[in-house]
Every structure is written in C-alpha cells, then in structure tokens.
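Take a look at the structure below.
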Amino acid sequence: MLFLKYVSDVYKEKYSEYLGKYNGDKERTAFAMKHERFIVPEHASFDYLFDHRNEPNIWELINIALRDLEDANREKLSSEDGSGIFRSIDFNSGNLGEPKDKNARLKNLLTDFSDESLNFADSHLEWNDVIWDAYEFLIANFASDAGKKAGEFFTPWEVSTLLARLTKSEPGARICDPTCGSGSLLIKAWREVGSNNFSLYGQEANGSTWALAVMNMFLHGFDNATIRWGDTLNNPKLKEWDVLMKFDTVVANPPFSLDKWGADEASGDKYNRFWRWVPPKSKWDWAFISHMIETTYERKGKVGVVVPHGVLFRGASEGKIRQKTIEENILEAVIGLPANLFFGTGIPAAILIFNKWKEKNRNVLFIDASKEYESGKNRNKLWEKHITHIVDTYRKFHDGKLGTGVIEEKYSYVATPEEIALNDYNLNIPRYVDTFEEEAEVDIGAVQSEIQKLNSELASVEKEMEKYMKELGF
C-alpha cells in the first residue's frame, strides 16, 4: 500500500503538471505521461481506491488495481518471464479475517494513507528520506517476527552498514548483491558512494523477496537498478553477451551452508567459476564466494561476504579453495562478529574481504569483534562505536599503516602468508588473535568463610522445617 500510494502521488503530480502545460488537453497529457516513471490507470490509483473504500468488494478492487498497474508498467514491474511484483499479493486472503473484518481493516488502511500530510510526490522532496526509512522499518519489523525465514530477505542494518563501509565504492562503480533479499545491503552500499554516479545490480531466488527489492529500488528513486529473479549459482541472470557481468564491488549475506546447490553440474560450469575446486554438495558457501570473486573486475574488484565460521577452517575441497585464494593474494581481511546478530540464527558469523588490487601487501588482517556488541531483547546489536572500531582498523591496514603481528591486544592481528601456511591455511580467528583470559586467583579463605556461612544458614532452615513438621503431626 505504501508503494501504491507513492506511485499514485508521483503520477498525479506529473499528470497535473502536463495538463496545465497542454491547456487541459487530456489526450496530449496522456501521451506525454507514457514517458514518465509510471503509468497509473485511473481505477488503479490510490485516490480511486480510497473513494471506493466502503464498497463490499474493496479487496477485489485493490487486487484489480495492482494487476492493472503491473500491466501498465510491465517493463518495470515484471520479471523476464512476465511475473509481476504483486503476483503473490492477495487482499482476499483469509489472513485478513472474515469479510466484515477484512473490509474494516482495508478501509482503515486506506484511510490511514489518505492523510493530507502524506504526500509522496517528487515536489515534496523532504519526504524521500521518510519513505525510505519507513519502508525499511516495515521490513525490519516484519523480519523480527518472521523467525528463521527472516534471514532470507533482510540483513540487519548495522551489518549492512559495516559491510558497505568496508567495501566502500568509488563514484562510477558498478555494485552488485547476488543474493540481494529485499535490497537493504545494496541501499547501504549506495549511501557510502557519496555520489549519484553509480549503478546497482542484484539477483534474488525467492520471488516474493525479489518483489520487495524491486519496490525498494523504485521507492529510493533507483529506476535504473537491475534486479533479477532467479538462482544465482545455477541460473545467473546478470550477464553481458552471454558472459558474466563484472562489477567493481560485490557484497552479499547469502544463506549459510545450503546443500543441494548444484555441485554435480559445477565441474562443467560454462562460466568456469569453480576452477579453484568444486565445493562439497552439502555446503554451498565457497561456491557462492567463488561466484562473487569471478564477477569482480580484475586488478580492482572488491568482495565483502558474510559467512559462517566453518568457512574459515573446514578441510577437504573447501580447504583447497581457501588455500588457492590465499596464494592468489586476494584475501584481505577476516572479521569475526558477535553471536546472535542475525534474524533467524544465533550462531556467530564472520566477514571476509577479498581485494583484487592487493599486490603491495601480501598480509591478512584478522579482527575478533565478537565481544563488541550491546545485548538486545531478541538479538545483539552493533552500535556506531563498534562499527567505527572495525572500519578504522581495516582502513589503517588497507592503507599500509600497520605492521605485522599483534595490532591491538585481544582484538586484531596481521598475519603473513608464511604464518597462514604454517597453520595449514586455517583461518580460524583464535589461531591469530589471542583472546585467552586468565582466571582470577581463588581466595581460599573467602571461599571457606562463605561455605561456613551457608552451612549455618542451612542448619537454621532445617531446624525451622523440623518445627513446622511437628506442628503438622509428622
């Protein structure tokens, strides 16, 4: 409904503008509108639905409006196979209650959005930030209640912010998220560019989530963003002349350790993404990392990816791929995050940064930020001070301002390739960052005194219980 209201207001303002320009000539106005951002049939506009809010079939009118809005803007609001972004939306859903309750809810929803102060037209530019924040707020709150499924479509804002800052793109960059969810990570990456000179690309396997991402791009004004629907590993859609498209920055928070990802066909991959080695059938993590690395520009591309800790130390084929990336000198940083940061899982994760322009520095930065968080009701959170600490340490390393060995006690360490080789290319963070805490000495006298005190209290309680038992006749 937020998206429908936004599109309607943008269209209405432009239509009025053209109507005035052509002295009320509706035919010429309609022709000119075909070149604008959206075409909104009269019965598909928010105003029409609000005027008919008391109709007993208001749910049907909304469904028709969404369907016809898609048809009128098929190139923008549909996937390559013709599926529209509203295909799974049904305002006749039983989740909205019995007909009477459903109609009341929909009427209230339309009434809430009809408030005169909620004008989302382009002339009300101050509204842009509000719309963006509102949309992401709604998605984030939905994610907090969605349990395990939430991790499939939303990356917590602080993790997105951290990843975007670590991979900060230059003006003119092509930025991609090959498992883009609702698009929040792409939005954060854009905000770090500091310029309007950039382009955004994404692919998402889940159709409903893909629709969220498409709407997110339009609400942020990224009409030229390219968001594809499909399985990135088995059916990559971001291509140029039948070869994989290349990007300056590739960021992602893919689902952890999915199985049945297509390993049987990977050895014959037409794009040669798995030349280092084919990852195991039961874990797709390194398959996805390999895809990300292969889709960045040579000698300048950068990758930032959230991974489970198993990626850092598992052996067999994963160990061979890990060794290859280290020997290629493209791994730049390994950053351990606190547990319980993500929606749908409490396990701790890490961020890997790969840099294809790392020729002058063969070392690898390790950061253990697992203790830097604020406890929350449902999950832990990174605050600005925690993000800044990580990013500042990384920047100093990236700029060549750090030596090797311990950088900050129990927090950061710079390892040479020789050290990593001696560790059999195991990247488990405790091998490099020593976080061992010595236990405090035990005060034997104080312990004995406490035991005596407890024994005395226990004897007193037992005596009292014996008294009550006698009174009760036992």
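Because the structure is a prediction, the values reported are computed rather than measured.
The local environment of CH2 in W261 is crowded, with over 12 non-hydrogen atoms from other residues, nucleotides or ligands closer than 6.0 Å. Within a 6.0 Å sphere centred on NZ of K102, other residues, nucleotides and ligands contribute more than 12 heavy atoms. Surrounding OH of Y373 are at most 12 heavy atoms belonging to other residues, nucleotides or ligands under 6.0 Å away.
For the pair K5 and F113, the cation does not sit on the ring face, since its NZ or CZ is not both under 6.0 Å from the ring centre and inside 45° of the axis. A cation-pi arrangement is not found for K300 relative to W357, the charged atom failing to lie both closer than 6.0 Å to the ring centre and inside a 45° cone about the ring normal.
Of the charged side-chain nitrogens involved, at least one lies within less than 4.0 Å of a carboxylate oxygen, so that D223 and R37 count as a salt-bridged pair. Look at K385 and E374 and you find a salt bridge, because one of the NZ, NE, NH1 or NH2 atoms lies within 4.0 Å of a carboxylate O, short of that distance. A salt bridge is absent between E265 and R273; no separation between the charged side-chain nitrogens and carboxylate oxygens falls under 4.0 Å. A salt bridge does not link E327 with R362: none of the charged nitrogens is closer than 4.0 Å to a carboxylate oxygen. Between E80 and K237 there is a salt bridge, since at least one side-chain N of the basic residue sits less than 4.0 Å from a carboxylate O of the acidic one. A salt bridge links E298 and K356; the closest N-O separation between the charged side-chain nitrogens and carboxylate oxygens is under 4.0 Å. Under the 4.0 Å criterion applied to side-chain N and carboxylate O atoms, K396 and D392 are not assigned as salt-bridge partners. One finds a salt bridge joining R276 and E328 here, because a Lys/Arg side-chain nitrogen approaches an Asp/Glu carboxylate oxygen to under 4.0 Å. Salt-bridge check for K281 with D264: passed, with a basic side-chain N closer than 4.0 Å to an acidic carboxylate O.
For an aromatic pair to be called close, the ring centres must be under 6.0 Å apart, and F46 with Y6 fails this. Taking the six-membered ring where the residue is Trp, the centroids of H389 and Y411 are separated by under 6.0 Å. Within the 6.0 Å centre-distance limit, the rings of Y201 and F247 are counted as a close aromatic pair.
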